[in-house]
Every structure is written in C-alpha cells, then in structure tokens.
Q: 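Below you will find the structure I want to go over with you.
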Amino acid sequence: MPAFKLQSDYTPSGDQPQAIDQLTRGVNDGQRSQVLLGVTGSGKTFTMANLIQNTGKPTLVMAHNKTLAAQLYQELRDFFPQNAVSYFVSYYDYYQPEAYIASTDTYIEKEATINDEIDRLRLSATTNLLTRPDVIVVASVSAIYNLGSPADYAQSFLEIIAGELIEREQLIKRLRALQYENSPLELKRATFRLKGDLLQVWPANESFAWNIDTLEDRITSITRFDPQTGEVFDSPTHAVSINPAKHHVVSHGIEEAEIQIKADLDARVKELESSGKVIEAFRLKQKVTYDLEQIREYGFVSGIENYTRYFDGRREGEPPFTLLDYFWENQKIFKGNGFLTIIDESHMSVPQIRGMFFGDLSRKQNLIKYGFRLPSALDNRPLKFHEFMDKNQQFVFVSATPGEFELELSHGQVAEQLIRPTGLVDPPVEVRPSEGQIENLITEILKRKLVSQRVLVTVLTKRMAETLTDYLNDQDRMRLLARRHPELGFDIEQELPRVAYLHSDIETLDRTEILTDLRAGKYDVLVGINLLREGLDLPEVSLVAIIDADKEGFLRSETSMIQTIGRAARHVDGRAILYADQITGSMQRAMDETNRRRQLQLKFNREHHITPKTVSKAIREKLLERDNDEREDGRRVEARPENGQKMKKAYVINLDKKTAIDLNNIDPDNYTPYERRSLIPKLKRRMTKAANLMDFELAAVLRDLIKDFESAQT
C-alpha cells in the first residue's frame, strides 16, 4: 500500500487524469525520465501530488529558486498533512563566500548570516529521511552541495531512554560531541542547560524541547515542553532521539583525518616553497594548523566543510555526500524500491544545476593557488551534472516549455497537461509593426484602463524599462494621445494610467509591493525585462506586449516568449501583442505552439460545455508599509530638500551586509577620514565583482567614485 495520503477538496479534472495515469505508469514501469508539459494554471502541483500518492515513493522536488520552493512546500504540505513534507534550501540570509582577488591582493573572508528557522527545517528534512519512509523534500539547488556523510549522521543520533543508567556528565559529553552548546541563561535551539537534576535539551531540528529528569545517574522521566513558555505538552515519553546539531559530524576518526591532513599540508607547503611562494606556504601552514587545533578541541571550525573529504573517507576527486545520498540511505534503512526526483520549471532548473560546479571551481582554485586552502577544498563542492544524474533513479521534468535535454532524455514520454480547471485558454497572439508602436501601445493601455484591467510590457534592457516608464507616466503626453483617439471613449478628466517598472535593481521587498500595487490598481502597467522570471500570477493582467520581439536572443527565444505570452492566460480577455518588423523563427515557433495549445483548449471547452472565467485570487497584505513619498512612478526616491526640488532618484547598492550606499547621492566630503578609509576597499571589491559579472557600467561608476574618495583622503 502507498505510504502517502493525499488530502484535498479537489478531484483531477481536465487533462489531469490522463497526465497522472501516464506518469504513474511510467514510474511503476521503471521509466528513467518523463516530462510533464503543463501550462500555467493547469494544476501541475496537484498532478505531482497524485503521482507521489500513486507510486508511494519518497520524493525530491527541486525548484530553481527559494520563492518557488517555498510555494511548492506550502502546497505539498497542505496536500500531505499526515506525511513528512520538508523544506531544504540554503540557510543563508546573507552569504559572502571566501574568495581571493589576486589583481588587488584582496582576501575576502567567508561571511554569512544563517537563518535559524531554515537551518532547523534542513535538519528536520535529513532527520525525516533517516527515520521515516514517507518523505517529500522540496529543495533548491542546495540539494547538490556537500552535506556530510548520511551514515555518520545517522550513527550519531543520541538515544535517551527513561530508566536508563547513564552518568549525567557522560550524557552532556555526548551532547557536546553532537555540537550542542551549554546555554545556562537562555535555552536556544541546538543547546542544553542544567537546572538542578533536570537536563533541558532543545533539539536542532525541532520547535520544542525536552526535560530529561535524572536522579543518581538514572533517567527518571522525559517530557516535551515549550522552550518559550515552559508549558509541558503531554505525558512522559519512554524514549527520545536527539540528532546532531550540524550535518558535518566529526565525532570519530579525528586522529586518522588529522594524520592525513598534516601529510597533505607538508606536501603542499614543500610544493609552494619550491616554487618560490614562501608567503603562500607560511599562510597555508598557519591557517591549517589553527583549524586542526579548533577541530581537536571543539570538534568543529568555521570552514570545516573544506576538510570533509578526510572525515568522510572519500578519495580525491570523489563526489561529495549531498541530500541525494540521504535518499539512498532512506532506501537502505526502509528497504524501499527507489525514490523519485521531480524537477519543477526544468527549463530553468536544469541549466542552473549544470552550472553550479564551474562557478565554485574557479573561486576555489584561486584560494588554493595563493595558500588560503589545501587542494582538498576542491572536494567540498556541488555535484557535477553527470554525478547529479547518476545519483538519481527516476526523473519527472515539469515545465510549460521543457528544454531539448529533458525531451531527448525522456524518449517521447511526455504527458501534456494543457487544460485549465477554470476553462481559461492561452491568449490569441498578434504581430504589429514597430513603427508607431508606443502610440499603439498607449491606446491599448487606455482601453484596459477603461475596464480596470492591467498590462505587462517587456523590453530588452533596464534603461529601456526606465525610459519607457517615464515616457508613459508623462500625463500631458497621455492626455494628448487620448484626444487623438476619441474612438476609445476615454475621458481625459479621469485618472490616467500609472506605470511602474520592475527589474533586478529593485529590491525583493519593493518588487513584491509593486506587484501587489499592480493587482490593487495603484498601477495599471508594469514594464519589465524578463517578467516570466518573477513567478508572476496576476489574474488582472489582460494584455502582454513584447517590444522588439524580433531581436533574437535569450530574452526573445521561443521558450521565453511562450512563457511571457502565458502571463496573459489568467484573464478571460487575455491577449498578447508582439511588436516586430519581421517574424523570426523563435516568434513563429512560439506563436505556433501557443496556438496549438489554444485550439486544444477551445475544443475541450466546446465538447464539455465549459465557459472560461477569470481566476479570482485574494491580494495578500503588504509585508511592510512604506512612507508615501518613498516611491514615485514605480521607483524609490530620497526625501525632498527644503527648497522642494526632488533629489536624484536613489541608486542603492550593497557593499556588504551592513553597508549600503546611494550612488546618485553620495559625497566623499560628507565622510570622516576613517569612514573613507574603510569604504575604499569595500568599493574596490564591489567594483571587481561588477566587472566579473560584466556590469561594466556599474564598475565604471564605482571606479570614478573610488578616485573621488582617494582624492578626498589626500
């Protein structure tokens, strides 16, 4: 019998039943790879849930960003309340990896802020995999990064049994070996404290704590309680299992690992010295010696992941242990018949997984070359793509536009899910000439404004997005064009459309609020670059306009245009307009595929007497209220000076987690000499980063600013 129990008020509809049946047969028949080609709004997550229930396999669901992963986690958790649904993403709120920039002789220490709740969820995910057969883990690309040996992790669990004879000091020693800290004043996650004969432990993977009552080296009772209020939840428990506080466990094998580390250190120091790199040799010996002292004393050190090969017993070059190995361990423990990997938005997720190894490699090679790390640091890495593929058993790739790789790998095993439960169909697509395109676009915007509908416009660059937003927000120009088109019936005395832009320079919180304002009607138009990446679900949008649709490239590829056109499929009056002077191959293929889906959807509606209706979706409250003057025309501005003239619009960048500057409103003379000295190296690091990312415009601005700061110092 399947271990998973799906709970939902919905039943499969449209073409969900055939997609579920096809995928289920494929998994049960041992098919290695399948594709679920599902359009936006067709209920792909519900199909995934039915597949998991039907096959009964532990399942890894991978998504290409944290936001999408969180959405999938919430949905699957609601579908499977009786099963173990876990969330596994990077636990850093802020992360600056260790790096060395040789050109400026700049060493950047690893700097990170760990999100405590996400850390708990990660530990809960791996604990579930080692203790339950009915596990679903929703993960980001973090799933392919080094995690430590699952066998060592499982063997390190501390079993505490009521009535057991054990010295309290021995119990505390075991907790310390699991990297729990003594916190006598305040009990926190992954800590313990003594209160007389009572030992209180807050497990690293739980939101509750344990009271362990001892008397004369005997455990007399174990009770669960709320660490915030002290309230005891239920009656005493016979036994509990405490998991390690971290995934990298070095509670055994330290002596053997230390011997090998020292041998590799001596060999590397000699190699550097023979090459005339005396400073690098000294630096490496000093750093590794210090790290070994910390590991010997505390069982842990910052950057311990760079030594995990020695503790895991892996040979040089062997792939690291990752979340996937915990799935294999789950199969071994519960004698399962395999696990399933579902890759959501595979057209984005697969390339991301493929590229992780190479980005990590280039950074590590620099650290090793200049004596900051041993060569073994290269074995603390994400999986190579072929290793990722080899570590999985069965795949289901989910996307509205699956890539060639997924389709070829699946050998034609494609389940199409094109029918939406609401009856909505893909929008009709029209090509219009680029001459006079802005005036034509404005008339279309005015039409939608009359009936309280919204518009998305995509352009090719950030500058174009900002310039077009300014142009469309010119009230006099908008009124003039409204007068030139009286056939629209637009009353120029009423409120004119308001426009905002959205691109990567807009902070995440502001992005969310702009989208909320669009839905609420504060804005009527949103101008962006690659709006499909925002994970937009905007039922009020009835028009998508693509400017420069005939400019072949990533942003105007077949996949991008199909995804962008699909943003208008949530409204019954949805339509897409492509402004172009020629029809490119990508345009034609995108239009053909959209029309193919549209015809199938229309046919289904006719045969089943379905009348499409626009999606109704509640607008969530804003995360944070802003001051009224903080954003104008879709962008943030600084407060106004006393003379009433608006300052330059803010262009804020982060130099590190504590320092942000506004490039448009910064004066070196306003800083003290000490502040200028501390800012200059941060500006140089940010300039180098911008250049490496090929953002040469920002790099040039920072270069000039650095010169101004250095001049002010003299």
Q: State which residues pass side-chain contact (heavy atoms from CB on, under 4.5 Å) with Q331; sequence neighbours excluded, sorted by chain then number.
A: P58, F339
Q: Examine the side chains of H347 and S399 and answer whether a donor and an acceptor come within less than 3.5 Å of each other.
A: yes
Q: Ignoring hydrogens and geometry beyond distance, is a side-chain donor-acceptor pair present between D197 and T214 at under 3.5 Å?
A: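 There is no such pair between these side chains.
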Q: Which heavy atom of Q22 sits nearest to which heavy atom of Q34, and what is that distance?
A: O-OE1, 3.4 Å
Q: In a table with atom names and distances, give each donor-acceptor pair under 3.5 Å that connects a side chain of residues 402-412 to protein atoms at least two apart or in another chain.
A:
{"from": "E406", "atom 1": "OE2", "to": "S346", "atom 2": "OG", "distance (Å)": "2.7"}
{"from": "E406", "atom 1": "OE2", "to": "G403", "atom 2": "N", "distance (Å)": "2.9"}
{"from": "S410", "atom 1": "OG", "to": "E406", "atom 2": "O", "distance (Å)": "2.8"}

Q: T341 and N392: side-chain donor and acceptor closer than 3.5 Å?
A: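 Short answer, yes.
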Q: Mind listing the closest non-hydrogen atom pair of S183 and R193 along with its distance?
A: O-CB, 3.4 Å
Q: Do you see a donor-acceptor pair shorter than 3.5 Å between the side chains of R122 and S142?
A: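 Checked: R122/S142 side chains pair up, N/O donor to acceptor below 3.5 Å.
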Q: Could you walk me through whether I212 and I219 pass the side-chain contact (heavy atoms from CB on, under 4.5 Å) check?
A: CA-CA 7 Å; I212 302 169; I219 296 170; 3.9 Å; yes
Q: If you apply the rule side-chain contact (heavy atoms from CB on, under 4.5 Å), what do you find for L361 with L378, and how did you get there?
A: CA-CA 7 Å; L361 177 65; L378 291 176; 3.7 Å; yes
Q: What are the two closest non-hydrogen atoms of P244 and S156, and how far apart are they?
A: CG-CB, 3.7 Å
Q: Would you say the side-chain atoms of D78 and Q74 include a donor-acceptor pair closer than 3.5 Å?
A: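 There is no such pair (donor and acceptor under 3.5 Å, judged by atom type) between the side chains of D78 and Q74.
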Q: Does V350 form a side-chain contact (heavy atoms from CB on, under 4.5 Å) with F388? I'd like the steps, not just the answer.
A: CA-CA 11 Å; V350 169; F388 168 75; over 6 Å; no
Q: Flag the pair D291 and R373 as a salt bridge only when some basic side-chain nitrogen lies within less than 4.0 angstrom of an acidic carboxylate oxygen.
A: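 Between R373 and D291 there is a salt bridge, with a charged N closer than 4.0 Å to a carboxylate O.
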Q: Could you please spell out the steps behind the salt bridge (charged side-chain N to carboxylate O under 4.0 Å, His left out) verdict for R189 and D119?
A: CA-CA 10 Å; R189 194 180 62 82; D119 186 29; 2.7 Å; yes
Q: Judged by modelled atom types alone, do E181 and T191 share a side-chain donor-acceptor pair under 3.5 Å?
A: no
Q: Scan I222, L199, L175 and name whichever one has a side-chain contact (heavy atoms from CB on, under 4.5 Å) with I160.
A: I222
Q: Should D266 and K262 count as an ion pair when the cut-off is N to O under 4.0 Å?
A: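 No, D266 and K262 are not salt-bridged.
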Q: Please round to the nearest 0.5 Å and tell me the distance separating atom CH2 of W210 and atom OG of S241.
A: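 The OG atom of S241 is 10.0 Å from CH2 of W210, to the nearest 0.5 Å.
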Q: What distance do I261 atom CD1 and Y310 atom OH have between them, rounded to the nearest 0.5 Å?
A: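 Reported value, rounded in 0.5 Å steps: 6.0 Å.
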Q: Begin with the C-alpha distance, continue with both residues' side-chain angles, and end with the deciding distance and a verdict on side-chain contact (heavy atoms from CB on, under 4.5 Å) for V137 and L129.
A: CA-CA 9 Å; V137 180; L129 281 167; 4.2 Å; yes
Q: Among all residues two or more places apart in sequence or in another chain, which pass the side-chain contact (heavy atoms from CB on, under 4.5 Å) test with F372?
A: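 Checked F372 against side-chain contact (heavy atoms from CB on, under 4.5 Å); matches are Y100, Y107, R283, L367, Y370.
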Q: Counting heavy atoms not belonging to E318, are there more than 12 under 6.0 Å from its CD?
A: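 Enclosed: over 12 neighbouring heavy atoms sit under 6.0 Å from CD of E318.
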Q: Could you pull out every donor-acceptor pair under 3.5 Å between side chains of residues 201-208 and any protein atom, sequence neighbours left out?
A:
{"from": "W202", "atom 1": "NE1", "to": "E206", "atom 2": "O", "distance (Å)": "3.0"}
{"from": "W202", "atom 1": "NE1", "to": "F208", "atom 2": "O", "distance (Å)": "3.4"}

Q: Within 45° of the axis and under 6.0 Å from the centre of the six-membered ring of F79, does NZ or CZ of R77 qualify?
A: no
Q: Does anything in residues 320-340 form a salt bridge (Lys or Arg N to Asp or Glu O under 4.0 Å)? List the pairs, not counting sequence neighbours.
A: D325-K391, E329-K332
Q: Can the ring centres of Y153 and F321 be said to be less than 6.0 Å apart?
A: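 Not under 6.0 Å, so no.
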Q: I419: which residues meet the side-chain contact (heavy atoms from CB on, under 4.5 Å) condition with it, sequence neighbours left out?
A: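 side-chain contact (heavy atoms from CB on, under 4.5 Å) list for I419, sorted by chain: D15, Q601, F604.
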